[in-house]
Participant: 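Have a look at this one.
What you are looking at is a predicted structure, and each value in this text was computed from that prediction instead of being measured. Letters A, B, ... mirror the listed sequences (proteins, then strands); counts begin at 1.
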2 protein chains.
Amino acid sequence: MGEAGGPATIKAFEERLFEVSTSLPKRLRQCADYVAANKDRIAVSTVAEMAEGAGVQPSAFMRFCQIMGFSGFSEMQRLFRETFVGGWPDYSTRLQHLREKAEGSPSALLAEFVEAGRASLENLLKTVDAHHLEDAVAALSKANMIHIIGLRRSFPVASYMSYAFEKMDVPAMLHSAVGRLDSRNAIRDGDVVLAITFSPYSVETIELVEAVSARGIPVVALTDTIVSPLRKFDAITLSVSEVDFGAFRSLSATLCLAITLSVAVGTARSG
Amino acid sequence: MGEAGGPATIKAFEERLFEVSTSLPKRLRQCADYVAANKDRIAVSTVAEMAEGAGVQPSAFMRFCQIMGFSGFSEMQRLFRETFVGGWPDYSTRLQHLREKAEGSPSALLAEFVEAGRASLENLLKTVDAHHLEDAVAALSKANMIHIIGLRRSFPVASYMSYAFEKMDVPAMLHSAVGRLDSRNAIRDGDVVLAITFSPYSVETIELVEAVSARGIPVVALTDTIVSPLRKFDAITLSVSEVDFGAFRSLSATLCLAITLSVAVGTARSG
DNA sequence: CAAAAAATGGAATTTATAGTCCATTATGGT
DNA sequence: ACCATAATGGACTATAAATTCCATTTTTTG
C-alpha cells in the first residue's frame, strides 16, 4: 500500500485507462477493452464476473487493477460504488424522463430514436420469415460471387455487408455506381445478386434486378414492405419494416438482418 | 404468496414493501423506511452498511430481507444488481455459446443479433453524455461545411450521415478515399470534421484528424470506447459501446446516435 | 536457435461478508 | 405485577469472494 492510491475520480480513471491502453499485452488489453465498454458493471460485479466477461482469468483481472494503480479489485470497485450515489434510474424511467423533461433537446431526440429502434427490432423478429431467410442464406452460399447493390438510403447497408463479406473471405462486389460506371456485365452465370432498396426505390437498383432476372441470375432482395417493386421479379425477398420517427429511420432492424445474413452466409461457406 | 422466492421485479418489491410496512415493529420499520428512501444503494452496499444506515443491527436487517420474501440479503441484492445492468447475463459468453449452438439456424442467429441490438440501444441511452451531445450539435451547426470521414467498418455510418445531411440541406462532404484521392485540402477554416472510427481504428482517419486538429479545425468524434486513439486530440468525443460478435457489430446503437446527431443538427440549422 | 524475460492460468490462501443462533430485553395481555 | 410472547443485539459459523503464489507457456532478445 505504499502506492499513493489509484485514480480518485472516474475522469482520472478514464485518463489512466487510455494512458495505459497503448502498451498492454493481450489478456490485459482484453480487460481494458471490456472495462471501457462496461464501466457501469464494475460497481455491481465480482472479479470472477468481470474476468469472465473479459474472457480472462480472475488473476489476470487482478493484475489489470494493479496496473490501473489500485491495490486490487476492491479498491477499484470502491471508486465506482462511491461515485454511483443516487443516479442511474432504470431504462424505462430514464426514457420517460428524457422524453418529457428534455423536450426539444438532442437527448430527447435520442430517446425517441432509441425507442423507435427497439420497436423495429422487436418487430423484425415477428415478421421475418424463417424459410425465406434460410433460402436466402442457401442461395448466397452457393454463389460464385455475390453482387451487392444498394443506393442512397440503402447504401450504408450495402457497404456494411460488403465489408462483412470481405472479412469472412466471401467473394463479393459492391456496385456503387461511382462515376456512373455501369458494371452489370461483371455479373456472370453462377453469381447471385443481393439487392437492397427501400422506399423511395432507386430506379438503378430496380433496373439492374430486372436485367439480371431476365438472364436467370438468382436475386435475393432486402426491402421494406410487401408492395416493394422488387416483388415483381422472381426474387427471394426478405422484408423489414422500420418504425420511423419523423421522416427518418434509424436502420437498426435492417442492419440487424443484414449482419445476420452476412454471418450466416459466412459460416455456411466455411463450414 | 408461496415462499418460492421474493419479488421478481422492482415494482413487485415496492408493492411488497408497502404491504408489509403497516405492521412492523420498531427496528424493522427503520429498515423499511431506510430501504424505501435508498433503494439504489442496495445494489452496491453490504448488509453491514445498510444496517448502519438504517440504525439497526445487521441481524435485524437480515430478518427484514426475509420478511420481504427473500431467502436473505444476497437474494434481495441480486434483484437490484440485475435490474441495474439491464438483466442481461454476460453477453460475451452468451455469444460465444451462440457460435456452436446457433450454427445451421439463421433464425436463432437473428434472435441473438436482435437481442444484442436491443441491449446496445438501452446501454446507449444510459451512457451517452448529454453535454457532449449538445456540444457536438452546437459545433456541427455552426460549421460552414461538415467533412465526414469514416472508413471500413465505419463507412456505413459515414455514408448514412452524409445521406441524411444532404436530405436536410446541410452542406456536408463525405471523404471516401476513393482512388486514394486525398481531399484534405478541401477542409477550410470555419469547417468542422466529423470523424467516425471504431476498433480496429483506420490510420487514415486518425491521420486526418491529427492534421486538421493541428490547424485548429474543430473535430467531433464518434468512436467506441474511451480507449480510442481519437482521445488524444482535442475533439468532442461521443462514445458508443456496441456488443459485438467476433469481428462484427450490428451497429444499431451507433446508427441511432448518428441519426440523432444528424437530425439535431438539421433542425438546429433551419431553426 | 537458445536463453532470458514476460505473461498467463490455475490452485491455494486469506479476508470479508452473509447468514444463524441464542441469551437478553422489551411488550402486551390477564 | 406476572407470565407469555415477540423483538432485539451481539457473538459465532459458514460461505463466497478477493488476493497471492508459483508452475507453465509464450514472447522477446542476444
Participant: Extract from the structure each pairing of a protein N or O with an N or O of nucleotides 11-18 of chain D at less than 3.5 Å, listing the distance.
Facilitator:
residue: D/dA18; atom: OP1; partner: A/V47; partner atom: N; Å: 3.2
residue: D/dA18; atom: OP2; partner: A/V47; partner atom: N; Å: 2.9
residue: D/dA18; atom: O3'; partner: A/S74; partner atom: OG; Å: 3.0

Participant: Quickly work out the B/L28 CG to D/dA6 C1' distance and round it to whole Å.
Facilitator: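 Taking atom C1' of D/dA6 as the reference, CG of B/L28 is at 11 Å.
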Participant: Atom CZ of A/F64 and atom P of C/dT8: how far apart are they, to the nearest Å?
Facilitator: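 That distance rounds to 13 Å.
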Participant: Given C/dG9, D/dA7, C/dT8, which nucleotide is nearest the side-chain atoms of B/P25?
Facilitator: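 The answer is D/dA7, which lies nearest to the side chain.
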Participant: Measure the distance from CZ on B/R78 to P on C/dA18 and round it to the nearest whole Å.
Facilitator: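 Taking CZ of B/R78 and P of C/dA18, I get 13 Å after rounding.
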Participant: Can you figure out which of C/dT20, D/dT20, D/dG10 approaches the side chain of B/Q66 most closely?
Facilitator: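 For the B/Q66 side chain, the nearest candidate turns out to be C/dT20.
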Participant: Please check if the side chain of B/E242 supplies one atom and the backbone of B/T254 the other of a donor-acceptor pair under 3.5 Å.
Facilitator: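 Yes.
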Participant: Kindly indicate whether the side chain of B/R63 and the base of C/dG19 share any N or O donor-acceptor pair separated by less than 3.5 Å?
Facilitator: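 Donor-acceptor pair under 3.5 Å: no.
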Participant: How many Å lie between CZ on A/R29 and P on C/dA7, as a whole number?
Facilitator: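 A/R29 atom CZ is separated from C/dA7 atom P by 14 Å.
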Participant: Tell me: CZ of A/F61 to C1' of C/dG10, nearest whole Å?
Facilitator: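 The distance from CZ of A/F61 to C1' of C/dG10 comes to 18 Å, rounded to the nearest Å.
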Participant: Is the closest side-chain donor-acceptor distance between A/R27 and A/Q30 under 3.5 Å?
Facilitator: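 Per modelled atom types, A/R27 and A/Q30 side chains form a pair under 3.5 Å.
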Participant: Please check: side-chain N/O of B/R152 versus main-chain N/O of B/S202, any donor-acceptor pairing under 3.5 Å?
Facilitator: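 No, B/R152 side chain to B/S202 backbone: no donor-acceptor pair under 3.5 Å.
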Participant: Please figure out whether B/K26 or A/P58 has its closest DNA chain C nucleotide nearer the 5' end.
Facilitator: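 So the residue in question is A/P58.
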